[in-house]
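To start, the structure under review is shown below, and the notes come after it.
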Amino acid sequence: ESDRKRLRRPNRSKTFNVEISYAAKIPMKAIGDALRGQESENSQEALRVLDIILRQHASKQGCLLVRQSFFHNDPKNFADVGGGVLGCRGFHSSFRTTQGGLSLNIDVSTTMIIQPGPVVDFLIANQNVRDPFQLDWTKAKRTLKNLRVKTSPSNLEYKISGLSEKPCREQTFTLRNKQAKEGEDAEIEVTVYDYFVNHRNIQLRYSADLPCLNVGKPKRPTYIPLELCSLVSLQRYTKALSTLQRASLVEKSRQKPQERMSVLSNALKINNYDAEPMLRSCGVSIGGNFTQVEGRVLPAPKLKVGNGDDFFPRNGRWNFNNKTLVKPTKIEKWAVVNFSARCDLKALVRDLIKCGDMKGIKIEAPFDVFEENPQSRRAPPLVRVERMFEDIQSKLPGQPQFLLCLLPERKNSALYGPWKRKNLAEYGIVTQCIAPTRVNDQYLTNVLLKINAKLGGLNSLLAVEYSPSIPVVSKAPTIILGMDVSHGSPGQSDVPSIAAVVSSRQWPLISRYRASVRTQSPKVEMIDSLYKRISDTEDDGIMRELLLDFYTSSGKQKPDQIIIFRDGVSESQFNQVLNIELDQIIEACKFLDETWSPKFVVIIAQKNHHTKFFQPQSP
């Protein structure tokens with residue numbers, strides 16, 4: 001089709017010279033060496049080559065590729081999660097070196113895509129309105145930018161660059177008049193609507209009063225009526241999902257182990273990797289069955305609760321019914337805040353105090369219950385929080401130790417963020433939010449466990465720390481750190497990343513810990529504020545804060561051993577963790593005391609490795 005067009009307009013065709021350059025020679029025998037324990041620079045690269053062959057294999061089948069995951073264009077794999085967004089089921093597959101040899105790691109994977117089909121249907125679902133005439137076009141323009149559409153009847157594919165300023169029946173453009181006789185204009189101004197309906201005889205049912213899609217270049221717009229455009233399938237949706245969308249996604253992508261196993265066995269058959277000539281030429285063929293490995297299920301760790309009682313979790317759960325806490329707190333100065341939640345507050349407070357008493361937490365009567373003014377209900381969340389705070393400040397004698405906050409809707413209250421920020425960031429007040437639907441003893445116990453921990457209490461201990469008998473850790477003063485960085489969703493490029501480090505305190509305990517948080521540049525995975533020297537005597541970094549706290553809480557002992565759990569870094573960044581982060585940690589130690597040299601171990605915790613174990617004949 002497009003070649004015929006080029007023949008008609010030879011003067012507008014372009015010629016491109018393409019140069020393919022030789023990049024590197026990668027010896028595939030490096031994989032065999034790695035399996036024999038002789039890991040080299042080349043072995044990682046050779047594995048990447050095999051992974052790239054898998055990507056190419058999928059790409060030839062017309063899949064959407066997301067790193068090492070592949071998604072086929074098959075509506076059977078789509079699940080609607082609301083808002084014009086679909087969860088698309090696909091597979092992760094990559095090669096790994098394991099003790100048993102070279103392994104193909106295959107697993108179920110889900111990515112988010114835009115609902116394919118008519119653009120109008122997508123926009124209506126996305127904005128949750130009844131018809132196209134209620135759409136917010138400023139929002140629509142942002143959502144649609146850069147998405148690909150197919151147009152009817154020509155069936156050509158375009159990328160959306162924007163919307164027309166005016167509706168279809170008013171938006172004009174210049175049309176060359178081929179039938180122009182002498183003395184007539186060679187160019188005429190026509191509206192988009194008139195052009196499609198009268199010049200091209202295409203019926204338009206509802207586009208006349210809606211904007212057109214612009215699929216042209218910034219300087220040369222090309223307008224197409226909305227109803228002639230359909231979104232192409234398999235286009236990724238990269239914005240963060242709403243709470244409701246996430247809940248729906250989890251609900252729809254749940255799988256029992258047996259079901260997942262059969263899905264994966266089928267995937268291996270469908271993918272037909274053995275037919276891939278490039279894998280064959282690398283000497284790789286793939287077995288059809290799961291690898292059998294020896295495994296064992298570890299016993300659950302024994303816990304200690306109040307009065308030194310033992311406590312055994314079963315099936316991954318435990319409850320504190322009829323148990324007291326190891327170190328309960330006292331709650332003396334507190335109040336209740338109600339943002340228009342319908343609830344019997346008197347009963348709630350009475351039951352909370354009674355339940356606290358059974359757990360060993362002494363709760364005084366609250367100073368007051370602050371009810372939101374009904375007029376404020378319709379105000380924006382930020383305003384509601386501000387007004388509530390003014391009310392609290394005018395009536396409370398001093399800063400409360402704790403505020404219990406009732407929110408009107410579960411899961412996705414718009415008040416939650418502003419309320420937390422106001423309390424924690426601006427005033428340093430501990431708060432607990434609840435959205436009570438069914439309030440029973442179990443619910444209140446769970447809420448009290450959170451409150452007790454937030455106020456510096458301790459709910460339970462591991463039996464091995466109670467008796468101190470943890471290998472390595474109980475023998476010499478040891479601090480345990482957990483480090484992670486959270487980034488905005490892929491669609492938000494300018495949200496700062498947040499680095500957090502938690503650290504154990506009061507050695508020989510490890511169940512007591514504190515947190516330290518800093519912001520840093522967006523999408524930067526390495527933490528840059530572990531050591532921040534501001535003068536010859538001052539370090540404003542995270543580590544100093546945590547080490548000093550360990551020292552004061554552990555009877556003036558410096559840790560001899562530092563154990564670091566680092567979450568969320570990929571294999572390609574392992575060296576950076578050592579060269580950048582560990583280096584800063586050592587600097588921070590030396591800055592505190594030149595002569596002190598503790599031992600370190602860095603443990604990388606990875607959860608996105610797609611490795612799954614299945615226990616035969618087990619649910």
Side-chain angles (χ1 to χ4, degrees), residues 22-59 65 67-70 91-109 260-261 264-265 267-269 271-298 471-472 525-526 563-583 599-616:
Y22 171 76
K25 187 167 189 170
I26 298 173
M28 295 312 278
K29 74 173 201 354
I31 293 177
D33 296 344
L35 293 171
R36 284 189 293 279
Q38 298 151 358
E39 187 96 35
S40 67
E41 284 295 296
N42 284 334
S43 51
Q44 281 300 321
E45 292 205 300
L47 276 179
R48 293 296 78 81
V49 170
L50 292 181
D51 282 348
I52 289 167
I53 296 173
L54 290 181
R55 287 177 59 102
Q56 176 159 314
H57 182 79
S59 152
L65 307 177
R67 294 191 296 279
Q68 279 303 129
S69 294
F70 315 118
F91 300 98
H92 164 96
S93 55
S94 61
F95 285 99
R96 298 289 164 96
T97 45
T98 60
Q99 284 169 316
L102 181 64
S103 302
L104 175 73
N105 176 1
I106 186 163
D107 188 24
V108 178
S109 174
R260 187 182 287 245
M261 274 182 82
L264 294 177
S265 296
L268 199 57
K269 291 193 192 81
N271 283 334
N272 191 13
Y273 287 135
D274 280 346
E276 174 54 61
M278 292 187 74
L279 280 181
R280 291 243 286 284
S281 68
C282 292
V284 174
S285 67
I286 294 162
N289 298 320
F290 285 102
T291 306
Q292 292 280 334
V293 292
E294 281 288 310
R296 58 201 168 114
V297 178
L298 298 175
V472 185
E525 185 53 61
M526 290 301 123
I563 299 176
I564 300 157
F565 284 90
R566 178 63 165 97
D567 185 22
V569 288
S570 62
E571 280 163 48
S572 59
Q573 296 169 308
F574 285 179
N575 283 332
Q576 288 178 294
V577 173
L578 297 174
N579 299 339
I580 299 171
E581 294 183 335
L582 186 59
D583 204 55
K599 288 189 196 155
F600 293 92
V601 60
V602 180
I603 300 167
I604 303 284
Q606 286 183 314
K607 45 190 183 305
N608 298 344
H609 44 62
H610 286 291
T611 307
K612 293 280 186 289
F613 293 110
F614 298 96
Q615 208 178 334

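Sequence positions, counted from 1, serve as the residue numbers for this chain.
- Under the 4.5 Å side-chain criterion, counting only non-hydrogen atoms from C-beta, R260 is in contact with F614.
- Considering every non-hydrogen atom in both D567 and A605, the closest pair reads OD1-O, 3.1 Å.
- Between T98 and T291, the closest side-chain pair of non-hydrogen atoms is not below 4.5 Å.
- In this structure, the side chains of L50 and L279 come closer than 4.5 Å at one or more pairs of heavy atoms.
- Counted within 6.0 Å of NZ on K612, heavy atoms from surrounding residues, nucleotides or ligands total more than 12; the atom is thus considered enclosed.
- L578 CG to R566 CZ: the interatomic distance, rounded to the nearest 0.5 Å, is 11.5 Å.
- Note that OG of S59 and CD1 of I52 are 12.5 Å apart. Values are rounded to the nearest 0.5 Å.
- When all heavy atoms of S93 and Q68 are compared, the pair lying nearest together is O-NE2, 2.9 Å.
- The side-chain heavy atoms of I563 and F565, taken from C-beta on, include a pair separated by under 4.5 Å.
- Listed by chain and residue number, V569, E571, I604, Q606 satisfy the side chain to side chain contact (heavy atoms under 4.5 Å, CB included) test with F574 (two or more places apart in sequence, or in another chain).
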So V293 and F613, side-chain contact (heavy atoms from CB on, under 4.5 Å) or not? Walk me through it.
-> CA-CA 9 Å; V293 292; F613 293 110; 4.2 Å; yes
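- The side-chain heavy atoms of L65 and F70, taken from C-beta on, include a pair separated by under 4.5 Å.
- Nearest approach of G287 to L268, heavy atoms of both residues: O-CD2, 3.5 Å.
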H609 and R96: side-chain contact (heavy atoms from CB on, under 4.5 Å), yes or no, with the steps?
-> CA-CA 10 Å; H609 44 62; R96 298 289 164 96; 4.2 Å; yes
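- Within a 6.0 Å radius of CZ in R48, more than 12 heavy atoms belonging to other residues, nucleotides or ligands are found.
- Within the model, atoms SG of C282 and CG of L102 stand 10.5 Å from one another, a figure rounded to the nearest 0.5 Å.
- Looking at F290 and S265, their side chains come closer than 4.5 Å, going by heavy atoms from C-beta outward.
- How far CD of Q44 is from CD1 of I31: 10.0 Å, rounded to the nearest 0.5 Å.
- Between the D51 side chain and the F95 main chain, a donor and an acceptor come within less than 3.5 Å of each other.
- A 4.5 Å side-chain heavy-atom check between M526 and V577 finds at least one atom pair inside the cut-off.
- Between N575 atom CG and L582 atom CG the span is 12.0 Å, to the nearest 0.5 Å.
- E276 places none of its side-chain heavy atoms less than 4.5 Å from the side chain of L54.
- The shortest non-hydrogen separation linking A46 to P27 is CB-O, 4.1 Å.
- In this view, R280 satisfies the salt bridge (Lys or Arg N to Asp or Glu O under 4.0 Å) rule with no residue, not counting sequence neighbours.
- Among residue pairs with one or both ends in residues 22-33, those qualifying as side chain to side chain donor-acceptor pair (under 3.5 Å) are D33-R36; sequence neighbours excluded.
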